[in-house]
Amino acid sequence: MTAAVLQYNFLKLSRFVNSTLFGKTNLLLTNAFISTALGAAGDCIQQQFDIVTNKCERRDGLENQFVWRRTFHMSCAGLTTGLVTHYWYIILDRFLGNKRCLVTITKKVLWDQIIFSPINLSVYFVTLGLCEKSNVKKVKEEIIEKGFEQIYVAEWFIWPPSQFLNFYLIPLRYRMLFDNIISLGFDIYSPYVKYKTQLKSENL
């Protein structure tokens, strides 16, 4: 295969990705798919790590067994958080503009971390609560103890610098892709917190 043919195929693929996958018509669907897939991938990695290291301690007697139901629930959480994040980025540009200046980028980073991140965490745990048919009290406790006290604290070390790069360098249509690449680490960490951390009320 000649260099000219390779270049032609690469350009053809690039046009397909830009116009079809990340075009206005299919952008929501693309972002939803990526978020769902990485939500599942993160849980698969976490479960496999637990199995390999023999740290899989579950109350349902399924130690050292892969639980696909749990991965499905994490996929649902990835879907819902992906959907709200998709619209959040649009809202940010609409209200704060798309200028790549220090003041605008800093505002976006602060709004994202202070306003949206707690909302996104709440959506995450509410989705899992609905999937697991948990009561309202347990969902509230998980949002506070696992979401705000653990995951949210960890986010402050990763997301502000990552989002500064995202808002400064990445066009709107690709921000969710960048977001999901960075958040794969949280897609692995969040199931760990969700299923390994006991609530205070459970230790009584």
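If you chain together hydrophobic residues whose side chains sit under 4.5 Å apart, Trp111 and Ile91 never meet in one group. Phe95 is not connected to Phe167 by any chain of hydrophobic side-chain contacts under 4.5 Å among Ile, Leu, Val, Met, Phe, Trp and Tyr, and they are in different clusters. Cluster membership for Val123 and Val136, using ILVMFWY side-chain heavy atoms within less than 4.5 angstrom, is not shared. Grouping the Ile, Leu, Val, Met, Phe, Trp and Tyr side chains by contacts below 4.5 angstrom, directly or via other members, places Ile114 apart from Ile144. Hydrophobic clustering (side-chain heavy atoms under 4.5 Å, transitive across Ile, Leu, Val, Met, Phe, Trp, Tyr) keeps Phe72 apart from Phe33.
Ring-plane geometry between Trp156 and Tyr152 is classed as perpendicular, the angle between the planes exceeding 60 degrees on a 0 to 90 degree scale with a lower cut at 30.
Between atom CD1 of residue Ile90 and atom CZ of residue Arg175 there is a gap of 10.5 Å, rounded to the nearest 0.5 Å. In this structure, NZ in Lys140 is found 13.5 Å from CD in Glu145, a value given to the nearest 0.5 Å. The distance from atom CZ of Phe66 to atom SG of Cys44, rounded to the nearest 0.5 Å, is 3.5 Å. Taken from CG in Asn26 to CG in Asn31, the straight-line distance is 11.0 Å, to the nearest 0.5 Å. Here CG of Asp112 is found 6.5 Å from CG of Leu92. Values are rounded to the nearest 0.5 Å.
Thr81 and Ala77 get closest at one heavy-atom pair: OG1-O, 2.8 Å. Closest approach of Ile143 and Phe125 over heavy atoms only: CG1-CB, 3.6 Å. Here the shortest heavy-atom pairing between Asp50 and Lys196 reads OD2-NZ, 3.1 Å. Taking each heavy atom of Ser35 and Gly78 in turn, the nearest pair found is CB-O, 3.2 Å. Between Phe148 and Leu121, the closest heavy-atom pair is CD2-CD1, 4.2 Å. Contact detail for Met74 and Tyr124: the closest heavy-atom pair is SD-OH, 3.2 Å.
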Hey, can you pull the donor-acceptor pairs under 3.5 Å for the side chains in residues 182-190, sequence neighbours left out?
from: Ser183; atom 1: OG; to: Asp179; atom 2: O; distance (Å): 3.1
from: Ser183; atom 1: OG; to: Asn180; atom 2: O; distance (Å): 3.2
from: Ser190; atom 1: OG; to: Phe186; atom 2: O; distance (Å): 2.7

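Under the 4.5 Å side-chain criterion, counting only non-hydrogen atoms from C-beta, Tyr89 is not in contact with Ile170. Two residues are said to be in side-chain contact when any heavy atoms from C-beta on lie closer than 4.5 Å; Ile34 and Met176 fail this criterion. Within the 4.5 Å cutoff, side-chain heavy atoms of Leu28 are placed close to those of Leu83. The side-chain heavy atoms of Ile119 and Trp88, taken from C-beta on, include no pair separated by under 4.5 Å. In this structure, Lys108 and Asp93 have side chains that are in contact, with non-hydrogen atoms separated by less than 4.5 Å. Leu130 is listed as a side-chain neighbour of Val126, based on a closest heavy-atom distance under 4.5 Å. Looking at Glu132 and His73, their side chains come closer than 4.5 Å, going by heavy atoms from C-beta outward. The shortest distance between side-chain heavy atoms of Leu27 and His86 falls below 4.5 Å.
In this model, a donor atom of one side chain and an acceptor atom of the other lie less than 3.5 Å apart for Gln163 and Asn166.
Remark: the backbone N or O of Gln113 is not paired with any side-chain donor or acceptor of Glu155 at under 3.5 angstrom. Side-chain atoms of Thr104 do not come within 3.5 Å of backbone N or O of Arg100 as any donor-acceptor pair. For Asn135 (side chain) and Lys138 (main-chain N/O), a donor-acceptor pair under 3.5 Å exists by modelled atom type.
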Go through the steps to decide whether Leu102 and Phe164 satisfy the test side chain to side chain contact (heavy atoms under 4.5 Å, CB included), and finish with yes or no.
CA-CA 9 Å; Leu102 182 61; Phe164 189 92; 3.8 Å; yes

Begin from the C-alpha positions of Asp43 and Lys194 and carry the test salt bridge (charged side-chain N to carboxylate O under 4.0 Å, His left out) through to its verdict.
CA-CA 11 Å; Asp43 184 64; Lys194 161 69 178 171; over 6 Å; no

